[in-house]
A.B. asks: 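Below is a structure I'd like to ask you about.
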Amino acid sequence: MERHRGERSLGYLVAAGGTVAVLLLRLEAWSWPGGSVLLPFLIPVLAASWYGGLRPGLLATGLSVIAASYFLLEPLGSLWIADTSDRIRAGLFIVIGMATSAVTEARRKARRQHEQAEEHAASARARLKLVADSVPALISYVDADFRYRLNNAAYDAWFGRSPGELEGVHVREAVGESAWQKIRPYAEIALSGKFVEYETELPYRDAGTRWVHVSNSPDIGPDGRVRGFVAHVTDITERKHAELKRQKVEQALREADRRKNDFLAILAHELRNPLAPLRNGLQLLRLAGEDAEAFEQTRGMMERQLEQMVRLIDDLLDVSRITRDRLELRREQMELAAAVQSAVEGCRPFIESCGHELAVTLPAEPVYLHADPMRLAQVIFNLLSNAAKYMNQGGCVRLRAERQGNQAVVSVSDTGIGIQPEHLPRIFEMFSQVDSALERSQGGLGIGLSLARGLIEMHGGTIEARSPGPGQGSEFIVRLPLLEGQPRVEQPAAEAVEVSGPAGRRILVVDDYRDSADTLATMLELMGHDTRTAHDGLEAVEAAGSFRPDVVLLDIGLPKLNGYEAARRIREQPGGKNIVLVAVTGWGQDEDKRRADEAGFDVHLTKPVAADVLKSLLAKWRPDRKRA
């Protein structure tokens with residue numbers, strides 16, 4: 001409003017000043033082509049109407065007629081115009097001035113409206129840009145020629161461009177050819193007048209590979225033509241990666257659940273395998289009568305099956321200890337050949353019972369390691385038994401032990417079913433099986449190789465599996481670091497003299513599982529010992545006080561009073577410090593042994609306990625020993 005007032009005031013000044021200026025020029029005998037007196041006064045009329053509009057233009061017209069009549073037309077000094085032709089010219093001038101002022105005013109209004117429209121458009125564009133810039137998503141307007149016309153700040157920053165730099169740029173140039181080929185079909189759908197929404201992974205040229213969610217909304221004009229579309233882009237890369245990660249985790253969980261179910265089924269199968277011949281053996285012993293040969297064969301079979309069950313359970317416990325980082329190695333200087341021979345001696349009967357040939361090659365020179373002999377032999381045993389399991393009868397198992405540089409290398413190969421290439425990366429995973437448990441009667445639990453890898457890695461070594469493919473056998477290679485420095489040659493220790501006490505001992509057997517307690521007591525009685533049994537912790541403490549045993553074979557998991565507390569109370573009784581306390585339990589981990597020692601036990605044995613172990617123990621410990 002103030003602007004329009006200022007323009008009108010300027011127009012009035014131009015009208016007055018311009019009229020005076022033209023008059024003075026005419027008075028100075030300024031000539032005008034055609035000799036017209038009023039025609040030069042059109043200049044201030046045009047100027048006044050241009051700057052001020054209609055009213056200043058009319059003012060300039062009136063002032064021009066008055067000035068010309070008074071100063072230039074006869075009679076001078078009067079507003080009366082004597083000459084008829086001059087009067088006609090004056091009237092025509094007035095009409096022309098009014099028309100010029102009106103036309104100029106119309107043009108001024110049109111120009112002012114155009115400026116206002118541009119101002120409104122610029123203001124609307126600025127407000128739209130402000131709103132778009134405040135949105136975290138990427139917003140862009142693309143015209144029908146696939147050129148950017150408006151981008152918010154986030155979109156420009158996405159490509160590392162300054163504000164407005166992408167305006168007029170073709171989409172292909174901004175995103176790159178690879179991303180454009182994926183975007184183009186959706187952009188064409190939007191330009192056909194249809195809304196389109198999609199998610200895809202785009203390899204942007206300057207913004208890297210990103211996952212985006214895009215919606216294209218067509219801009220349809222009043223005439224029905226599509227002028228462009230608005231692209232709303234959301235970066236969902238992090239969400240997509242999290243989703244893909246979640247899917248992988250879910251897949252891994254499903255796979256772990258499936259393998260767990262397979263493991264439980266296989267575990268039941270593997271436990272029933274030795275249980276069946278054990279039950280049959282009991283029936284055979286009942287029917288054998290005086291047949292000593294049948295009795296001996298049955299006893300041997302039952303011992304083998306029991307050893308298989310014990311080894312199975314021990315492997316499970318070892319894997320659990322490794323998983324929880326609770327297994328401790330008892331390292332010492334040892335020779336590689338000793339571990340190999342120990343494993344071969346243990347596994348040879350099984351290999352031969354499967355009808356396989358075993359070929360062993362040992363190093364020509366001693367190869368020394370700093371390792372746990374029992375655990376290393378356990379690894380080699382597992383590899384040998386694994387090779388025997390996965391071969392048809394009449395196969396060949398080859399074991400080669402040698403030195404290669406600063407490493408000891410043990411290779412176990414077979415001519416068995418082989419391993420498919422896709423199974424090699426996960427062959428050492430827990431419960432992994434190279435084929436279905438139904439297809440292999442001795443497929444095992446799938447923990448032997450996992451246990452082997454864990455033990456070898458604890459020794460600082462590596463283990464790998466190789467196979468040309470199904471039906472072409474497989475090979476497992478163990479590499480271990482050699483002993484640093486020269487091996488120490490130890491003098492043979494003096495042979496220990498076994499000190500035996502009286503032939504018969506007073507032994508208290510405590511176990512809440514009555515069959516276990518009764519059979520163990522009966523076995524000890526057959527060895528010539530005097531035994532009593534108890535079946536809970538309180539009964540054990542009372543029996544120890546009345547029976548005064550030399551040795552107590554005490555279970556840990558007992559009702560009323562657990563074995564640890566029972567051991568403490570037995571120690572507190574008169575003469576309790578002289579009793580040999582032996583923990584006989586199914587809890588056999590290092591933490592269990594530590595707790596047993598703190599409770600006052602002398603020895604910790606894990607069920608089942610072999611008869612020869614008990615004989616050795618009872619021969620070694622004297623009833624009159626004093627506890628420190």
Side-chain angles (χ1 to χ4, degrees), residues 266 270-271 273-274 277 300-319 334-363 367 369 371-402 408-419 427-428 432-434 440-456 459 461 463-467 473-478 480 610 612:
I266 297 168
E270 291 297 312
L271 289 175
N273 273 346
M301 176 274 294
M302 295 178 71
E303 286 182 350
R304 289 193 301 273
Q305 296 302 323
L306 184 60
E307 288 176 0
Q308 181 178 339
M309 288 189 67
V310 171
R311 182 174 289 112
L312 179 68
I313 295 171
D314 284 344
D315 282 353
L316 282 171
L317 292 175
D318 285 343
V319 168
M334 61 163 292
E335 191 178 348
L336 175 61
V340 172
Q341 290 170 349
S342 175
V344 169
E345 290 174 5
C347 199
R348 187 186 296 275
F350 174 67
I351 295 174
E352 292 177 350
S353 68
C354 295
H356 303 318
E357 177 187 350
L358 174 62
V360 179
T361 303
L362 296 176
V367 176
L369 307 171
D372 186 324
M374 185 187 73
R375 295 302 184 182
L376 186 53
Q378 183 180 4
V379 169
I380 300 172
F381 179 93
N382 282 349
L383 295 179
L384 289 172
S385 62
N386 204 60
K389 289 175 184 176
Y390 293 98
M391 278 196 302
N392 294 322
Q393 188 172 7
C396 181
V397 180
R398 292 183 176 86
L399 187 154
R400 173 180 291 274
E402 59 185 342
V409 180
V410 178
S411 167
V412 176
S413 60
D414 60 67
T415 57
I417 64 173
I419 305 171
I427 194 68
F428 293 101
S432 177
Q433 296 271 348
V434 296
R440 289 277 146 189
S441 62
Q442 301 187 49
L445 289 177
I447 61 174
L449 292 179
S450 176
L451 175 59
R453 180 180 65 176
L455 291 173
I456 291 301
H459 281 86
I463 182 171
E464 67 171 309
R466 297 177 181 177
S467 177
S474 56
E475 181 182 17
F476 291 84
I477 303 172
V478 173
L480 291 166
D612 57 347

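Each residue takes its place number in the sequence, starting with 1.
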A.B. asks: Just jot down the side-chain hydrogen bond (donor to acceptor under 3.5 Å, both in side chains) partners of Ser385, sequence neighbours excluded, or say none.
C.D. replies: none

A.B. asks: Excluding sequence neighbours, so at least two apart, what forms side-chain contact (heavy atoms from CB on, under 4.5 Å) with Ala408?
C.D. replies: Leu336, Val367, Leu369, Leu482

A.B. asks: Mind checking what makes side-chain contact (heavy atoms from CB on, under 4.5 Å) contact with Glu335, not counting sequence neighbours?
C.D. replies: Ala337, Pro366, Tyr368

A.B. asks: side-chain contact (heavy atoms from CB on, under 4.5 Å), that's the test. Do Leu480 and Ile456 meet it? Break it down for me.
C.D. replies: CA-CA 8 Å; Leu480 291 166; Ile456 291 301; 4.0 Å; yes

A.B. asks: Under the rule for salt bridge (charged side-chain N to carboxylate O under 4.0 Å, His left out), what residues qualify as partners of Glu464, not counting sequence neighbours?
C.D. replies: Arg466, Arg479

A.B. asks: Grab the two heavy atoms, one from Met334 and one from Ala371, that are nearest each other, plus how far apart they are.
C.D. replies: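 Scanning both residues, the minimum pair turns out to be SD-CB, 3.8 Å.
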
A.B. asks: Got a donor-acceptor contact below 3.5 angstrom from the Ser353 side chain to the Phe350 backbone?
C.D. replies: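 Yes; judged by distance alone, with no hydrogens or angles, the pair exists.
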
A.B. asks: For Arg398, enumerate each residue passing the side-chain contact (heavy atoms from CB on, under 4.5 Å) test, keeping only those at least two apart in sequence or located in another chain.
C.D. replies: Ala359, Cys396, Ser413, Thr415

A.B. asks: Side chain of His459, backbone of Asp372: donor and acceptor closer than 3.5 Å?
C.D. replies: yes

A.B. asks: Kindly write out the residues that satisfy side-chain hydrogen bond (donor to acceptor under 3.5 Å, both in side chains) with Ser474, not counting sequence neighbours, or none if the list is empty.
C.D. replies: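 With neighbours one apart ignored, the set is Asp414.
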
A.B. asks: Checking side-chain polar atoms at under 3.5 Å, does Ser467 have a donor or acceptor matched by the opposite partner on Glu475?
C.D. replies: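 There is no such pair (donor and acceptor under 3.5 Å, judged by atom type) between the side chains of Ser467 and Glu475.
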
A.B. asks: As an exercise, state the distance from NE2 of His356 to CE of Met391, rounded to the nearest 0.5 Å.
C.D. replies: 4.0 Å

A.B. asks: Using 0.5 Å steps for rounding, measure from the CG atom of Leu399 to the CG atom of Leu358.
C.D. replies: 7.0 Å

A.B. asks: Could you tell me which non-hydrogen atom of Ile427 sits nearest to which non-hydrogen atom of Ala465, and how far apart they are?
C.D. replies: CG2-CB, 3.9 Å

A.B. asks: Any chance you could measure Ile380, atom CD1, to Arg375, atom CZ, to the nearest 0.5 Å?
C.D. replies: 14.0 Å

A.B. asks: Going from CG on Leu362 to CZ on Arg400, what distance comes out if it is rounded to the nearest 0.5 angstrom?
C.D. replies: 10.0 Å

A.B. asks: Decide yes or no for Val340 and Val360: does some side-chain heavy atom of the first lie under 4.5 Å from some side-chain heavy atom of the second?
C.D. replies: yes

A.B. asks: Kindly compute the distance separating CG (Leu383) from CG (Leu449), expressed to the nearest 0.5 Å.
C.D. replies: 6.5 Å

